[in-house]
Structure formats: C-alpha cells, structure tokens
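The next block holds one structure in the form of structure tokens; read it before the comments.
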Amino acid sequence: MITLTHYLVLSAILFCIGLVGVLRRKNLLMLFFSTEILLNAVNVGFAAISKYYMDLTGQMFAFFIIAIAASEVAVGLGLLIIWYKRVGSIDLDTMQSMNG
Amino acid sequence: MIEAIAFYTFAILTIAMFVIVVMSRNALYSMSALAAGMIFISGFFFLLDADFLGVVQIIVYTGAVMALYAFAMMFFDTTKEVKEKNSSNYKVFLLSGLSAILLIIIFVSPIISQKVQALYPMKENIGNTQSIGIVLFTKYLVPFEVAAIMLLVAMISGIVMASKRMDESLTLKVDEEIQKEEVK
Amino acid sequence: MEKYLYLALFSPLVGSLFASLFGAKPKKLFVGLVASTLLFVSLFSSIYLLCYVASSDNIIHVKLFDWIKVGGINIPFGFIVDPVSVIMMVTVTTVSAFVHVYSLGYMKHDEGFNRFFSYLSAFVFSMMVLVMSDNFAGLFIGWEGVGLCSWLLIGFWYKKEDVAREINPSISPSWAANEAFIMNRIADLGMLIGLFLIYWNTGSLQYDKVFENISTLNITIVTLIGIFLFIGAMGKSAQFPFHTWLADAMEGPTPVSALIHAATMVTAGVFLIIRSYPLYSQIPDVGFFIATLGAFVAVFAASMALVNQDLKRIIAYSTLSQLGYMFVAAGLGAYWIALFHLMTHAFFKSLLFLGAGNVMHAMDDELNIFKMGGLRKTMKWTAIMMIIGSLALAGIYPFAGFFSKDKILAVAFDSNHYILWFMLWVGAGMTAFYSFRLIMLVFFGDERYKKYGFHPHEAYWYMLLAMAPLAILAIIAGFFEESFEHFVTYLLPEYHFNIEGIKEVGLIGITTLIALSGIVFAIYKYSKGGFNPKWKENFLYKLLLNQYYIPIIYEKCITKPYAKLSKIAWKEFDVRIIDATVDFIAKIIYISGFKGRVVQSGNLSKMLGWMVIGLVILLLLVVLYSPVR
C-alpha cells in the first residue's frame with residue numbers, strides 16, 4: 001500500500017537532488033534545470049496531499065507553480081541569452097564583479 | 001499492488017533521470033534527461049488521480065518549457081562539455097543530504113494529519129477535470145487571471161529580450177564594439 | 001488691569017529682543033533709547049498696578065497658558081500681582097529704568113553697547129517673571145533667568161585676560177562670571193530639591209495651594225523644605241558660604257553692579273523667604289538659623305569692607321552685609337520689615353553704585369580709592385549724591401536706611417535675641433565707618449590722583465539726572481513706612497513690638513549713636529591722613545584684606561581637589577573604561593564587518609550555498625521545536 005508518506009519522501013528526495021544541482025552546478029543553464037527539478041518535486045508533494053486529503057487546493061497550487069515555472073523560464077532564458085551575447089559565457093563565477 | 005509497482009518504478013526512473021540532470025557534464029544529455037523526468041512525474045499525477053494536472057505537466061513542461069530550453073540552447077555551444085569548477089562536492093552533498101534527512105524526518109513522523117479540513121473537497125461523481133474547472137473558475141478566478149497576465153508579460157519580455165538585434169551575430173563581436181553601439 | 005500686567009511684564013522682553021537684533025552691530029543710540037523707553041513703560045504700568053492694588057485691595061491673578069501638563073503635574077504660566085509682588089515690581093522697574101538711562105551715558109564708548117542693553121532688559125524681564133510668578137516653577141525659571149543674565153553681564157568684558165589673584169582678586173570677568181554661575185548652580189540644586197519636596201508632599205507648586213497644605217505636613221518635611229529653599233536663597237543672595245561670587249561680580253560694568261548685584265537679583269533670596277512666609281512661620285528654628293547666619297554675614301561682610309581699597313568691592317561687601325540684615329528680619333518673622341529694607345536698600349545702594357560708576361568714569365576705570373581724593377571739587381553732584389547714599393546706608397535720620405535698619409535692630413532686640421542685636425549694632429557702626437571712609441578717601445583730602453595723571457570730570461548731565469530720582473527716593477522712602485506697613489501687611493503677617501516708649505527711643509538713640517560715632521571716627525581719622533601704615537603689617541588687616549583667605553581656601557580645598565578628581569574621572573574612568581568600551585564595541589562591529597565582507601562576494605553560487613545553509617538551520621529548528629509532535 002502506498003501511503004502519503006511514500007510520496008512525501010519521494011518529493012523530499014527529488015527536492016534534495018534539485019538542491020545538489022543548485023549547489024553544484026556553475027553553469028546557469030544547469031541551474032535552471034535544477035530549479036525545474038525543485039519545482040517538480042514540490043508539485044509531486046502537492047498532488048499527493050491533494051489526493052490523500054481529498055482536497056483540490058493542492059492541485060490548484062500545482063497549477064500555479066507550473067504557470068510560474070513557465071514564465072520564469074521565458075524571462076530567465078531571455079536574460080540568459082542577452083548575457084551570453086554580451087559576455088560569451090554563462091558560468092556563474094564569471095558574473096562576479098564585487099571583490100568580497 | 002499495481003499501484004505499488006507503478007510508484008516504485010516511476011520513483012526509481014524519476015530519481016535516476018534527475019540525478020543524470022544534476023550530474024551530467026553534457027548539457028544536451030541533461031536536457032533530455034530532464035524532459036524524461038518530467039514525463040515520469042506526470043505518471044505520478046495520473047497515479048494520484050490528478051489527470052488534468054498530468055496532462056498539463058506533459059504539455060507545458062515537456063512540450064513548451066523543454067522546447068524553450070531546446071531553442072535557447074541553440075544560442076549556446078552545447079556540443080562541448082560544460083566546464084565547471086566544482087570546488088567542494090563534499091560540502092554540497094553534506095548540505096543536501098542533511099536537508100534530505102531532515103525533510104524525511106519531518107514527513108515520516110506523523111504530521112499535521114487529522115487536523116486538516118478539506119477546503120474544496122473532491123466530489124465522487126464528478127470527474128477530476130470538471131471539478132478543477134469549477135474550483136479554478138470560481139474560487140481561484142482572480143489568481144488565475146493574474147497568472148494569465150503574468151504569462152503574457154513573461155512571453156512579451158522573453159520575445160523582446162531574446163530578439164534584440166537578431167539580425168546581427170552578436171556572439172562574434174567583441175565587447176567594446178557592442179558597448180560602442182550601445183552608446184550610440 | 002491685566003493689560004497693565006502684561007505691559008509691565010513683557011515690555012522689557014520686547015526691549016531685549018529689539019536690542020538683540022542689533023547685538024553684533026556697532027553702537028546705535030536708538031537701541032538704548034528704545035530699551036529705556038520700554039523700561040519706563042514697564043515702570044509706569046507697575047506704578048499704576050501699585051496704585052490699583054493699594055486702592056482696591058484686589059489681587060490680580062492671571063493664567064497666561066498651561067506650561068507643563070504631564071500626568072499629575074499641571075504647572076501653568078500664571079502671574080500674580082499682590083502687595084508683595086507689586087512692591088518688588090515697582091522697586092525693580094524703578095531701579096532698572098534709571099539704570100538704563102544711566103547706562104546710555106556710562107556705556108557710551110563701549111563697543112558692546114547694543115548687546116549690553118539686550119542683556120540688561122532680558123535681566124529685567126527675568127526678574128519680573130521671578131517676582132510675578134504665582135508658582136514655584138515660574139519663580140525658578142525667573143531665578144535661573146536672572147542667573148543667566150548675571151553671568152552674561154558679569155562676563156560682559158569677557159575679552160580681558162586672566163591675571164593673578166594678587167593683582168586682581170577676581171582674576172578676570174569671565175572667571176568671575178563662571179564663579180558666580182557655578183556657585184549659584186550649587187545652591188540652586190538645594191532649591192530644586194526643595195521644590196521637589198514641595199511637589200512631592202503637596203502635589204502642587206502653586207503658592208496658594210502649597211501654603212494651604214503646608215500646615216498639614218509633617219514638621220520634619222516642612223523643616224527640610226525650608227532648609228533646602230534657603231540654600232537656594234543663600235546662593236542667590238550670596239550668604240556665607242556662597243558669598244565669594246558677589247565681590248568678584250564687580251568685574252561687570254558698574255550699572256550692572258548697581259542693578260543686579262545690589263538692588264534686585266541678590267535680593268531674590270530675601271524675596272523667596274518673604275514669599276514663603278507661611279512655610280517659614282511654621283519652622284521658627286530654621287528662621288532663627290537664617291537670622292543668625294544673616295547677622296553673622298552682616299558683621300563678616302562689613303569687616304571685610306573696612307579695609308578694602310577697591311571702590312566697588314567696598315560697596316559690594318556693604319551689599320552683602322545689608323542682605324544679612326534683611327535675612328535677620330525675615331528669619332525673625334518680621335517679613336514686611338525685610339521687604340521694606342529690601343526696597344530702601346535697592347534705592348540707596350544703586351545710587352551708591354551709580355555714583356561709584358561716575359567716579360570710575362572720571363578716573364579712567366581706576367578703582368583703588370587710595371589713588372583718588374579731593375574729587376568733590378570736580379564732581380560736586382556726584383559727591384553730594386554719594387553722601388546722601390552713604391548717609392542712608394549708615395542709617396541717619398531722615399534718610400531711608402534709618403527707618404528700615406532701625407526696625408531690624410528693634411526686631412532683634414524685641415524678640416530677645418540680644419546677641420543678634422549686638423552683632424547688628426556693631427555691624428551698623430562698621431557700616432557707618434566704611435561708608436564714610438570711602439567718601440573721605442574719594443571726595444575729600446589730598447588730590448592724590450594728580451600723581452597718577454588722571455583728569456577727572458563730572459559725568460554727563462543725564463547720568464546725574466538718572467541718579468537724582470534714586471537720591472530723592474533714598475531720602476524720602478523712609479517716610480512711607482506707615483503706609484508701606486499697612487499695604488503689605490494685607491498679605492504678610494504683622495509684627496507686634498512689645499517694647500514701647502522710652503525703650504524704643506533709647507534703642508533708636510543707641511543705634512544712631514554708633515552710626516554717628518562711626519561716621520565721626522571715619523571723618524576724623526581720614527581728614528588727618530588716615531591710619532598709620534604700620535596697620536598694614538597687622539595680621540588682622542591682612543586677614544580682612546584677603547577676605548579671610550576664604551577664596552584661597554576654596555581654591556585649595558575645593559576647586560583644586562575637584563579639578564584633580566575630574567581629571568582622574570576623565571583620564572582613568574572616562575577614557576579607559578567608558579571610551580574603551582564604546583571603542584571596543586565599535587571595533588567588534590568593524591572587524592566583524594571586515595571579516596564578514598567576504599560573504600558578500602557577489603558570487604551567486606556561494607549565495608545559494610548560504611541559502612541552503614539557512615534552509616538546513618530552519619529545518620533543524622522545525623525538527624527540534626515542532627509544535628505538533
């Protein structure tokens with residue numbers, strides 16, 4: 001029998017894979033992929049809660065998250081392209097302009 | 001039984017795909033794995049009786065978003081391997097593992113559980129798509145419209161930003177030349 | 001009627017503000033004229049109010065606006081015109097109006113002409129607030145206001161350099177000003193404590209409410225209040241041990257000495273005691289202490305005046321001594337007599353000071369009376385007026401001092417305080433002696449000034465004219481005794497004499513006798529060339545000339561150790577502990593900022609790393625402190 005906990009643990013594992021990506025990758029495109037993973041992990045959790053509590057609110061949130069992800073990609077990629085045209089690189093370390 | 005088999009299969013596949021996304025040195029591989037992972041996730045949605053969500057997942061993510069990524073990648077040189085300085089993997093895995101463990105502890109231990117009351121309970125005799133439509137266009141009408149406007153704005157901005165001087169190959173120009181032009 | 005009250009109160013303020021507009025400008029005659037005119041407006045309003053109050057027995061009480069209204073405290077800006085305050089108003093405005101006119105001539109060549117009038121009028125305003133206020137808080141404001149103006153005016157010639165104490169006992173104007181200010185601050189602390197005690201115990205600072213409730217209070221509290229208020233009065237009226245500032249205050253311009261340090265401000269202490277008579281009549285022990293201190297100061301100050309060679313200092317010591325007389329009367333419960341002496345003293349003492357100002361003017365600011373002499377030939381009118389003033393001071397019939405001073409002696413005798421009486425009696429003799437020593441040395445005898453190359457001349461006519469009313473008042477003020485008594489005892493308690501007939505006449509006779517003998521002795525001695533120079537070697541002479549060495553003792557025992565203590569507090573405590581603590585905190589922040597700056601590298605990857613660390617911490621908190629578990 002698959003319970004809510006199964007889904008939530010799966011969601012947590014996916015989320016952490018996303019985190020690994022966010023932390024590890026320096027390529028901006030890869031970072032975008034990682035954020036997609038994070039968002040999807042959360043979506044799985046929402047859908048599961050929606051099912052096990054018989055509540056549509058979870059799915060509603062999942063929808064909005066998808067919408068946000070879509071617009072994020074549109075804007076983010078636009079910026080990324082401009083940046084690449086300018087600098088010729090999308091590596092995070094090259095974006096650093098402060099001395100720190 | 002079938003449910004359990006499906007869950008574990010999809011779980012293993014999704015995790016594997018996403019691990020490839022995160023670990024792969026080739027951007028093209030990563031993207032393909034991501035697209036596959038998205039489709040497997042939609043499998044979970046079908047399992048969870050969220051048919052409409054599953055369909056949206058396939059159309060929006062695998063269809064639209066991935067297509068966007070694919071187009072975007074045309075601007076970048078994707079065939080060569082992504083060179084990165086991955087300073088300390090040890091730290092990365094420590095942090096992520098720690099948060100994973102904590103999250104799992106939180107989820108496994110009995111949470112909120114009984115106290116939750118369904119705000120918009122699902123009805124037995126109505127299909128998933130239909131009930132979503134009812135809720136979305138009654139209770140969530142304003143957020144829905146706002147999201148629509150947001151998408152519109154994002155679309156326009158995406159077009160504007162990406163299409164700036166499409167006719168010139170800016171990638172081949174030197175920095176100073178671009179700046180000179182911008183000053184004009 | 002309120003119109004006249006406001007006119008009397010605010011016209012000096014207007015004059016001051018007007019003059020202050022031209023404060024930094026070169027001398028403008030009309031500034032002084034405007035200020036003086038406004039002072040006369042104030043004077044006539046006060047006289048009108050006096051007539052009104054005297055004829056109708058009404059008390060004018062107005063509330064201008066609420067001033068402090070916090071929680072249970074409600075202190076309005078209220079003013080009252082009753083017999084006591086109206087007498088003070090008339091005295092203050094009379095003297096200040098004539099001093100203003102006099103200053104037109106005296107300050108004629110001073111570059112701070114406009115500034116001087118601004119300060120002087122501001123002083124009059126503060127003094128009016130002091131005497132007219134209907135509560136202790138307003139009185140305190142006026143009290144501090146006159147202190148401030150006194151500081152400004154003593155230090156009027158602040159550019160003068162400090163000199164050694166041996167050359168000039170008051171070192172420099174700014175030094176003297178600071179001394180006066182600090183002495184008064186110390187005493188004012190006592191007064192403030194008194195005010196707090198009053199408020200604490202009666203819940204109000206309004207005179208009427210306080211005095212209504214004062215009889216219900218514990219006698220210890222009343223005694224404490226009385227003592228603390230008297231400490232404030234001691235400071236302002238320069239009673240021992242706060243007396244040193246008054247003689248040093250003579251560094252200020254002479255009209256200032258006449259107005260502030262003789263006629264008005266220094267009598268504020270006496271006024272406070274008179275004002276608080278319901279309080280002091282409850283505590284005769286404190287009253288007796290006040291009287292004793294007064295008698296002591298009367299003799300103590302007079303003895304210093306005996307040998308001093310400085311024209312203004314002699315008159316300053318005489319002021320001190322006369323203030324002592326007033327305190328004797330006030331302390332023994334003869335409040336109206338104290339007020340009467342306050343008034344007559346204001347007239348003849350300001351007259352004396354203005355005369356001294358004329359002499360100084362003639363002698364190019366020379367103050368040593370041994371360098372003068374025979375000035376009557378060139379300064380006839382000044383000489384006449386100063387003799388009138390001195391006769392009044394010595395208490396010779398029919399001059400004003402006779403009436404008031406004799407009354408004080410009679411009070412001391414009448415209340416069976418024979419020792420006090422004897423001290424005052426001796427003081428009266430000394431007063432007569434030093435007054436005429438001064439007259440003899442300045443106006444009679446050899447013309448010693450010729451040796452020093454001075455060319456004395458009589459003062460301007462309008463300066464003499466300004467002095468004339470004061471001279472007339474010094475002669476006739478005493479004859480108003482009856483009506484004065486009748487008028488002020490409407491408010492103040494009457495004083496009943498037990499002695500009558502032959503005793504009274506005898507008392508007056510004895511007093512007049514010692515005064516006359518003092519005068520005759522002075523005239524006799526100094527017409528024959530003064531005392532033997534050997535006297536100057538005498539210990540007593542040196543003691544008196546050096547003011548009993550009190551300023552030096554103060555410097556050695558209080559000022560210097562205090563300066564040392566301050567230095568220790570500064571170098572050891574402030575710099576090493578407080579500053580170091582502050583610096584340490586600042587340094588910690590600085591260093592942590594410097595080290596922590598690395599975090600803000602602008603590297604997105606690193607920032608994400610920090611974000612995840614934050615996430616882990618939050619998750620940890622959820623696990624550890626989860627409310628549902």
Side-chain angles (χ1 to χ4, degrees), chain A residues 1-2 5-10 12-21 23-27 29-30 32-34 36-37 40 43-44 47-48 50-51 53-57 59-60 62-64 66-75 77-82 84-86 88 90-91 93, chain B residues 3-4 7 11 14-15 18-19 21-22 27 30-31 34 38 41 44-45 48-50 53 56 60 64-65 68 72 75-76 82 84-86 89 92-93 95-96 99-100 103-104 107-108 116 118-122 131-132 135-136 140 143 147 150-151 154-155 157-158 161-162 164 170-171 178:
Chain A
M1 188 60 197
I2 305 298
T5 311
H6 285 83
Y7 280 101
L8 288 179
V9 169
L10 175 71
I13 289 169
L14 293 180
F15 188 81
C16 291
I17 292 171
L19 272 187
V20 170
L23 287 176
R24 190 165 166 274
R25 308 312 295 248
K26 293 286 168 75
N27 190 305
L29 198 65
M30 294 303 179
F32 273 106
F33 291 168
S34 302
E36 299 300 336
I37 297 173
N40 271 296
N43 270 358
V44 171
S50 169
K51 150 108 179 178
Y53 285 103
M54 302 292 280
D55 189 343
L56 278 175
T57 317
Q59 292 187 27
M60 290 297 118
F63 277 122
F64 288 117
I66 290 173
I68 287 169
S71 45
E72 171 236 316
V73 168
V75 178
L77 282 177
L79 289 168
L80 203 60
I81 289 164
I82 291 184
Y84 187 74
K85 281 181 182 169
R86 276 258 190 114
I90 46 172
D91 196 281
D93 288 337
Chain B
E3 196 195 0
F7 174 76
T14 318
I15 291 171
F18 283 170
V19 168
V21 173
V22 170
S30 292
M31 201 200 69
L34 185 65
M38 297 293 186
I41 281 191
F44 287 117
F45 293 152
L48 289 164
D49 296 336
L53 194 57
V56 169
V60 174
V65 173
L68 255 179
F75 285 90
F76 317 123
V82 181
E84 287 172 327
K85 278 192 293 175
N86 293 332
N89 280 331
V92 170
F93 290 119
L95 279 172
S96 309
S99 52
L103 277 171
I104 290 166
F107 289 145
V108 169
V116 176
L119 275 173
Y120 306 109
M122 294 184 210
S131 47
I132 281 178
V135 175
L136 195 61
Y140 287 95
M150 183 184 72
L151 281 169
M155 185 183 81
S157 68
M161 284 190 289
K164 246 185 186 173
L170 290 165
T171 38
I178 301 168

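Every chain is numbered from 1, with letters handed out A, B, ... down the list of sequences.
Within the 4.5 angstrom heavy-atom criterion, only side-chain atoms of Phe64(A), from C-beta onward, approach chain B. Within the 4.5 angstrom heavy-atom criterion, atoms from both the backbone and the side chain of Leu136(B) approach chain A. Looking at Leu68(B), both its backbone and its side chain come within 4.5 Å of chain A, counting heavy atoms on both sides. When heavy atoms are compared at a cutoff of 4.5 Å, Ala50(B) approaches chain A by way of both its backbone and its side chain. Proximity to chain B (any heavy atom under 4.5 Å) is shown, for Ile17(A), by both the backbone and the side chain. Heavy-atom distances place the side chain of Val60(B), and not its backbone, under 4.5 Å from chain A. Proximity to chain A involves both the backbone and the side chain of Phe18(B), based on heavy atoms less than 4.5 angstrom apart. The part of Ser157(B) that comes within reach of chain A is its side chain, from C-beta onward, which places non-hydrogen atoms under 4.5 angstrom from that chain. At a 4.5 Å heavy-atom cutoff, the contact between Phe33(A) and chain B is made by backbone and side-chain atoms alike. Contacts between Met31(B) and chain A at a heavy-atom distance below 4.5 Å involve backbone atoms as well as side-chain atoms.
Annotation: side chain of Ile81(A) is not in contact with side chain of Met161(B) (no heavy-atom distance under 4.5 Å). By the 4.5 Å heavy-atom criterion applied to side chains, Ile132(B) and Met60(A) are counted as neighbours. A 4.5 Å side-chain heavy-atom check between Ile41(B) and Asn43(A) finds every atom pair outside the cut-off.
Atom-to-atom distance recorded for Thr57(A):OG1 and Tyr140(B):OH is 4.5 Å, nearest 0.5 angstrom. Phe44(B) CZ to Leu14(A) CG: the interatomic distance, rounded to the nearest 0.5 Å, is 7.0 Å.
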*asked:* Determine whether Val56(B) and Ile66(A) satisfy the following criterion, side-chain contact (heavy atoms from CB on, under 4.5 Å), listing intermediate values before the conclusion.
replied: CA-CA 9 Å; Val56(B) 169; Ile66(A) 290 173; 4.0 Å; yes

*Take Ile15(B) and Leu10(A) through the side-chain contact (heavy atoms from CB on, under 4.5 Å) test and state the conclusion after the steps.*
CA-CA 9 Å; Ile15(B) 291 171; Leu10(A) 175 71; 4.0 Å; yes

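In terms of heavy-atom pairs under 4.5 angstrom with chain B, the leader among Val9(A), Val44(A), Ile68(A), Val20(A) is Val20(A). In terms of heavy-atom pairs under 4.5 Å with chain A, the best-connected choice from Ser96(B), Gly158(B), Ser30(B) is Ser96(B). Among the candidates Ile104(B), Leu53(B), Val21(B), the residue making the largest number of heavy-atom pairs closer than 4.5 Å to chain A is Leu53(B). Of the listed residues (Ile37(A), Val75(A), Val73(A)), the greatest number of heavy-atom pairs within a distance under 4.5 Å of chain B belongs to Ile37(A). Counting heavy-atom pairs closer than 4.5 Å to chain A, the top-ranked of the candidates Leu34(B), Leu95(B), Leu103(B) is Leu34(B). Counting heavy-atom pairs under 4.5 Å between each of Ala72(B), Ala64(B), Pro143(B), Ala11(B) and chain A puts Pro143(B) at the top.
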